[in-house]
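See below for the structure under consideration.
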Protein chains: 2
Amino acid sequence: MSIDHEGDRPVYLQIADIIAGRIASGDLQPRRRIPSESDLVQEHGVARDTARRAVAHLREQGLVYTVPQRGTFVSPPADPADEGEQPS
Amino acid sequence: MSIDHEGDRPVYLQIADIIAGRIASGDLQPRRRIPSESDLVQEHGVARDTARRAVAHLREQGLVYTVPQRGTFVSPPADPADEGEQPS
DNA sequence: TTTCATTTGTCCGTATGTATT
DNA sequence: AAATACATACGGACAAATGAA
C-alpha cells in the first residue's frame with residue numbers, strides 16, 4: 001500500500017484507490033468515518049492538498065460524503081438514525 | 001421567490017440563492033433535509049438538471065451535504081466538541 | 001415476504017449562447 | 001468566417017438504496 005511518486009497515475013488517485021479498496025473490503029463500513037486529511041498526510045507522506053484531492057475524488061464518485069466540521073463518511077449509510085426525516 | 005429565465009444570473013444559482021436564504025433565516029435548520037430535487041423541479045418549474053446544479057453548488061459552498069439515496073441536509077455549524085464523532 | 005413511492009446517481013440525447021481558436 | 005469547446009437548460013430513461021405499507 002505504498003505510493004508511487006514516479007508512475008503515471010496521480011498520487012491522489014492512488015490514495016483514493018487505497019481508500020476505495022478499504023471500503024470494498026468492508027474495512028471501512030457505511031456511515032463510518034474515513035481517515036481525516038491529516039491522517040492521510042501522515043500515513044502516506046503527501047501534502048494536504050493531495051489528501052484533499054483524494055477525498056474529493058471519492059466524493060465525486062459517490063463513495064463517500066462529507067459533513068462539514070465533522071468528517072467524511074462512507075456512503076451509503078446502513079443506519080437511518082432518524083436525522084433526515086421530513087415531517088412535511 | 002420566482003425565477004427569472006431572462007436575466008444574467010443562471011437559474012440554478014437563483015435557486016441556490018433561495019435555499020441559502022432559507023438556511024440563513026433558520027427556515028431550514030442544521031441537519032434537517034432540504035427539498036428534494038423533485039421538489040425543486042415542481043416548485044420552480046425547472047428541469048432536474050437545473051435543480052441538481054443548484055444543490056451541487058450549495059454542496060460545493062459547504063452549506064449542505066448529500067447522503068446518497070437519502071437526501072440532502074443542511075450542514076451543521078462549526079462545533080469543535082465533535083471531533084471523531086459520527087454524524088448520527 | 002412483496003410492493004410501491006421516494007430520492008439520488010448516472011447516462012443518453014437536444015438546443016442555445018458565449019468564448020476561443 | 002468557421003469550427004470547436006464550454007456552460008446553461010431542458011427532456012427522458014434507468015439503476016440502486018431506502019422506507020413505508
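Per chain, numbering begins at 1; letters A, B, ... match sequence-line order. Please read all numbers here as calculations on a predicted model, not as lab measurements.
- Computed from coordinates, the E37(B) CD to dC10(D) C1' distance equals 15 Å when rounded to whole Å.
- If you measure from atom CZ of F73(B) to atom C1' of dT6(C), you get 12 Å, rounded to the nearest angstrom.
- Scanning for salt bridge (Lys or Arg N to Asp or Glu O under 4.0 Å) contacts around R53(B) gives D49(B), with sequence neighbours left out.
- Side chain of R70(B), nearest nucleotide from dT8(C), dG19(D), dT8(D): dG19(D).
- Applying the 4.0 Å criterion to OP1 and OP2 of dC10(D), one finds that H5(B) has a side-chain N or O inside that range.
- Closest of all the heavy-atom pairs between P30(B) and P76(B) is CB-CA, 4.0 Å.
- Within the 4.0 Å cut-off from OP1 or OP2 of dT8(D), at least one side-chain nitrogen or oxygen of Y12(B) is found.
- Taking V46(B) as the reference, H5(B), V11(B), I15(B), H44(B), T50(B) meet the side-chain contact (heavy atoms from CB on, under 4.5 Å) condition, with sequence neighbours excluded.
- Rounded to whole Å, the distance from CG on D4(B) to C1' on dA9(D) is 14 Å.
- At whole-Å resolution of the value, CZ in R9(B) and P in dA7(D) are 17 Å apart.
- Contact between the side-chain N/O atoms of S36(B) and the OP1/OP2 oxygens of dT7(C) is found at a separation under 4.0 Å.
- Base pairing annotation: dA15(C) forms a Watson-Crick or G-U wobble pair with dT8(D), both donor-acceptor distances under 3.5 Å.
- Atom pair L13(B):CG and dA9(D):C1' shows a separation of 13 Å (rounding to whole Å applied).
- Contact check of residues 47-56 of chain B against DNA chain D (heavy atom, cut-off under 4.0 Å) returns A47(B), R48(B), D49(B), T50(B), R53(B).
- In this entry the distance linking CD of Q42(B) with P of dC10(D) reads 15 Å, nearest Å.
- For the atom pair CZ of F73(B) and CZ of R32(B), the computed distance is 10.0 Å after rounding to the nearest 0.5 Å.
- Distance I34(B) CD1 to dT7(C) C1': 12 Å, rounded to the nearest Å.
- Side-chain atoms of I19(B) and L40(B), non-hydrogen and from C-beta on, do get closer than 4.5 Å to each other.
- A donor-acceptor pair under 3.5 Å is absent between the side-chain atoms of T72(B) and the main chain of T66(B), judged by distance alone.
- Pairs passing the side-chain hydrogen bond (donor to acceptor under 3.5 Å, both in side chains) check and including a residue from residues 11-20 of chain B, sequence neighbours excluded, read R9(B)-D17(B).
- Summarising the geometry, the separation between CG on D8(B) and C1' on dA9(D) is reported as 16 Å, rounded to the nearest angstrom.
- Q42(B) meets the side-chain contact (heavy atoms from CB on, under 4.5 Å) test with no other residue; sequence neighbours excluded.
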For nucleotides 14-16 of chain C, list the nitrogen or oxygen atoms of the protein found under 3.5 Å from its nitrogen or oxygen atoms, one pair per line.
none

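- Looking at Q69(B), its side chain comes within 3.5 Å of the base of dT8(C) through a donor and an acceptor atom.
- Within the 4.5 Å cutoff, the side chain of E43(B) has no heavy atoms near those of the I18(B) side chain.
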